[in-house]
Amino acid sequence: AVPGAGPGAVQFAAGGEQRFVTRLLLDSTGSSGPERDLRPAVERLERWAEPEGETGLPSRVVFHWGSFRFRGVIEDLREEWVLFDPDGTPIRAWVDLVLRK
């Protein structure tokens, strides 16, 4: 076991748990070929949210946009597929993402 790394271990700052919540729009309508299918991108996010081998904790990830950075683990991930190619390939999705420090 890793000290302090149990499933309930949470870092606190300024008296509260630090979380980052966002909604991402994934859209591949301008792409062609294998990049058009968004399933691999969402599956990668799902894998990062799964507990890893020995530690039992999900991978640490960094959300980076401009000068903003938030490092944490994926606490919650929900996807909503909203647009498909005629063959059923998903090409647009909303992903609700919650990261926790």
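Only this structure's heavy atoms are used, side chains among them; waters, hydrogens and symmetry mates stay out.
- Counting heavy atoms from C-beta outward, V42 and L26 have side chains that approach closer than 4.5 Å.
- To the nearest 0.5 Å, the span separating CD1 on I91 from CD on E35 amounts to 14.0 Å.
- The side chain to side chain contact (heavy atoms under 4.5 Å, CB included) check on P90 picks up D37, R39, W81, F84, with sequence neighbours excluded.
- Residues satisfying the ring pair (Phe, Tyr, Trp, His ring centres under 6.0 Å) criterion with F63, sequence neighbours excluded, are F20.
- One finds the CZ atom of R100 at 7.0 Å from the CZ atom of R19 (value rounded to the nearest 0.5 Å).
- Under the 4.5 Å side-chain heavy-atom criterion for ILVMFWY residues, no single connected hydrophobic cluster contains both L25 and L45.
- The shortest side-chain heavy-atom distance between L38 and S28 falls under the 4.5 Å cut-off.
- Contact annotation: the side chain of V73 never approaches that of L99 to less than 4.5 Å [non-hydrogen atoms, C-beta and beyond].
- Counting heavy atoms from C-beta outward, R78 and V95 have side chains that stay 4.5 Å or more apart.
- Considering only heavy atoms from C-beta on, I74 comes within 4.5 Å of L97 through its side chain.
- Using a 4.5 Å heavy-atom cutoff, the side chains of S59 and E52 are in contact.
- Taking NZ of K101 as the reference point, atom CZ of R60 lies at 9.0 Å (rounded to 0.5 Å).
- With sequence neighbours excluded, the residues forming a salt bridge (Lys or Arg N to Asp or Glu O under 4.0 Å) with R36 are D85, listed by chain and number.
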